Q: 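Mind looking over this structure? Questions follow.
All values below come from the heavy atoms of this structure, side chains included, with hydrogens, waters and symmetry mates left out. Because the structure is a prediction, the values reported are computed rather than measured.
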Number of protein chains: 2
Amino acid sequence: MVNSRFSVAIHILSLIATTSDKSQLTSEYIAGSVNTNPVVVRRMIGVLKKAGLLTSQSGIAGYDLLVEPKDLTLLAIYHAIDGPEQLFAIHDEPNPACTVGRKIQRTLEGVYTSVWHAMEEQLHAQTLQDVLDQLR
Amino acid sequence: MVNSRFSVAIHILSLIATTSDKSQLTSEYIAGSVNTNPVVVRRMIGVLKKAGLLTSQSGIAGYDLLVEPKDLTLLAIYHAIDGPEQLFAIHDEPNPACTVGRKIQRTLEGVYTSVWHAMEEQLHAQTLQDVLDQLR
DNA sequence: CCTGTTGTAACCATTATAGTTACAGGTATA
DNA sequence: TATACCTGTAACTATAATGGTTACAACAGG
């Protein structure tokens, strides 16, 4: 199982998208909703900021989305947090002297790539707005 | 990224399917091809055996597949090794007092389930025989 | 100035992973 | 039977990832 950063990122973006009172929207408040530490939130927000999904100003509470929720696909969020594109690890240095060992890595890469593409399609088909609609 | 057990399992099954000289097929030989420790191999084989994919006999070298490679889907292998069905972790106990926190878990579960189903389809569409064909 | 905030670096506890040692017990053969 | 080789499994360990935490510099606004 992959880490929970993707879930946390979606949670944070949902909060930013739905909270009207910006002065309320501090990293501490967000951390209270996510149930984690404010630093974890600020760290994640830093990543999302670098990816161009939102802005913030040092010293001032509040964050602003730079992309409309309906235009922000979950895949874009996934890329923003630099989630792994390979879901399954492939063991290192199988024996090249063996027929199987020699080609297994390339073969598995092919398999996993097709799996990954299927995932990508799903993530591309859903937007933050879809998530917000389901939170109602 | 998930662990490499799935890759190792496919590697092991490929070796068993393609090695004609059974007396050669020891856990040490397999470990040499996978590039790991014989105990890691035996441990994995124990799991595959419990799942009914192969047989072995204590004390005797060699393993036998119980399912034809063309009938063994990668999804079946994945289930055999009890791979996670949830790819992304969801953070624990978001704040129920918050609109987002209250519903985020269920919403994410829905999203991740659709993603997982897409993956399942891909894994179901490929068999061990397909892998063997690519190893040629 | 004082309070509250963001942005980061640094450190730590917990857990997962896979590698390793050790050994009990089965099998085959000289 | 003695020997050699194998499987099966428990137990331990080193390494790395994850996420929580402390600490503090820098900024904003009353």
Side-chain angles (χ1 to χ4, degrees), chain A residues 1-9 11-12 15-16 19 21-51 53-64 81-84 86-94, chain B residues 1-9 11-12 15-16 19 21-51 53-64 81-84 86-94:
Chain A
M1 174 112 64
V2 173
N3 58 46
S4 66
R5 282 179 205 155
F6 189 39
S7 299
V8 171
H11 190 145
I12 291 174
L15 275 173
I16 296 176
T19 306
D21 179 8
K22 272 205 226 165
S23 67
Q24 186 190 20
L25 204 57
T26 65
S27 63
E28 188 161 352
Y29 171 81
I30 295 174
S33 174
V34 173
N35 184 31
T36 183
N37 191 288
V39 177
V40 172
V41 170
R42 294 204 290 270
R43 203 153 40 186
M44 170 58 74
I45 283 179
V47 169
L48 298 174
K49 192 178 176 181
K50 258 186 200 143
L53 299 194
L54 52 80
T55 51
S56 65
Q57 211 175 338
S58 175
I60 307 179
Y63 299 94
D64 281 293
I81 66 168
D82 208 33
Q86 192 87 320
L87 288 175
F88 305 113
I90 298 179
H91 47 292
D92 281 336
E93 298 179 33
Chain B
M1 176 114 60
V2 174
N3 57 47
S4 66
R5 281 178 206 158
F6 189 38
S7 299
V8 171
H11 190 146
I12 291 174
L15 276 173
I16 296 176
T19 304
D21 179 7
K22 272 204 224 166
S23 68
Q24 186 189 22
L25 203 58
T26 65
S27 63
E28 187 161 354
Y29 171 82
I30 296 174
S33 173
V34 173
N35 185 31
T36 182
N37 190 287
V39 177
V40 172
V41 171
R42 294 204 289 272
R43 202 150 44 184
M44 171 60 73
I45 284 179
V47 170
L48 297 174
K49 194 178 176 180
K50 259 186 199 141
L53 300 194
L54 52 80
T55 52
S56 65
Q57 211 174 339
S58 175
I60 308 179
Y63 299 94
D64 281 293
I81 66 168
D82 208 33
Q86 192 85 321
L87 289 174
F88 306 113
I90 298 178
H91 48 292
D92 281 337
E93 298 180 33

Q: Keeping to residues at least two apart or across chains, list the salt bridge (charged side-chain N to carboxylate O under 4.0 Å, His left out) pairs with something in residues 21-33 of chain B.
A: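 Only Lys22(B)-Asp64(B) qualify under salt bridge (charged side-chain N to carboxylate O under 4.0 Å, His left out).
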Q: Please check this pair: side chain of Ser7(B) against backbone of Ala89(A), looking for a donor-acceptor N/O pair closer than 3.5 Å.
A: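 Indeed, once roles are kept as given, a pair shorter than 3.5 Å links the two residues.
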Q: Show me, pair by pair, the donor-acceptor contacts under 3.5 angstrom made by side chains of residues 31-38 of chain A, not counting sequence neighbours?
A:
| residue | atom | partner | partner atom | Å |
| --- | --- | --- | --- | --- |
| Ser33(A) | OG | His11(A) | NE2 | 2.8 |
| Asn35(A) | ND2 | Asp92(B) | O | 3.1 |
| Asn35(A) | ND2 | Glu93(B) | O | 3.2 |
| Asn37(A) | OD1 | Val39(A) | N | 2.9 |

Q: Whole-Å distance between dT6(C) P and Tyr29(A) OH?
A: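 Distance, rounded to whole Å: 14 Å.
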Q: Who pairs with Arg42(B) by side chain to side chain donor-acceptor pair (under 3.5 Å), at least two apart in sequence or on another chain?
A: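 With neighbours one apart ignored, the set is Ser27(B).
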Q: Quick one: Gln24(A) CD to dT6(C) P, roughly how many Å, whole number?
A: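 Atom-to-atom, Gln24(A) to dT6(C), this comes out as 13 Å.
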Q: Taking only residues two or more places apart in sequence, or in another chain, which ones meet Phe88(B) in a ring pair (Phe, Tyr, Trp, His ring centres under 6.0 Å)?
A: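 Testing Phe88(B) for ring pair (Phe, Tyr, Trp, His ring centres under 6.0 Å), a comparison that skips the adjacent residues, returns Phe6(A), Tyr78(A), Tyr112(B).
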Q: Are there any protein N/O atoms within less than 3.5 Å of an N/O atom in nucleotides 6-8 of chain D, and if so, which ones and at what distance?
A:
| residue | atom | partner | partner atom | Å |
| --- | --- | --- | --- | --- |
| dT7(D) | OP1 | Ser27(B) | N | 3.3 |
| dT7(D) | OP1 | Tyr63(B) | OH | 3.2 |
| dT7(D) | OP2 | Ser27(B) | N | 3.4 |
| dT7(D) | OP2 | Ser27(B) | OG | 2.9 |
| dT7(D) | O4' | Gly59(B) | N | 3.0 |
| dG8(D) | OP1 | Lys49(B) | NZ | 2.7 |
| dG8(D) | OP1 | Ser56(B) | OG | 2.4 |
| dG8(D) | N7 | Arg42(B) | NE | 2.7 |
| dG8(D) | O6 | Arg42(B) | NH2 | 2.9 |

Q: Pull out every protein N or O sitting under 3.5 Å from an N or O of nucleotides 13-19 of chain C, one pair per line with the distance.
A:
| residue | atom | partner | partner atom | Å |
| --- | --- | --- | --- | --- |
| dT17(C) | OP1 | Asn3(B) | ND2 | 3.3 |
| dA18(C) | OP1 | Ser4(B) | N | 2.8 |
| dA18(C) | OP1 | Ser4(B) | OG | 2.6 |
| dA18(C) | OP2 | Arg5(B) | NE | 3.3 |
| dG19(C) | OP2 | Thr36(B) | OG1 | 2.2 |
| dG19(C) | N7 | Arg43(B) | NH2 | 3.0 |
| dG19(C) | O6 | Arg43(B) | NH1 | 3.2 |

Q: Could you check if a side-chain atom of Ile30(B) sits within less than 4.5 angstrom of a side-chain atom of Tyr63(B), using non-hydrogen atoms only?
A: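 Yes, at least one pair of side-chain atoms sits under 4.5 Å.
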Q: Side chains of residues 43-51 of chain A: which donor-acceptor pairs under 3.5 Å do they make with residues two or more places apart or in other chains?
A:
| residue | atom | partner | partner atom | Å |
| --- | --- | --- | --- | --- |
| Lys49(A) | NZ | Ser56(A) | O | 3.3 |
| Lys49(A) | NZ | Ser56(A) | OG | 3.0 |

Q: Please enumerate all residues that pass salt bridge (charged side-chain N to carboxylate O under 4.0 Å, His left out) together with Asp82(A), with sequence neighbours excluded.
A: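 With sequence neighbours excluded, Asp82(A) shows a salt bridge (charged side-chain N to carboxylate O under 4.0 Å, His left out) to no residue whatsoever.
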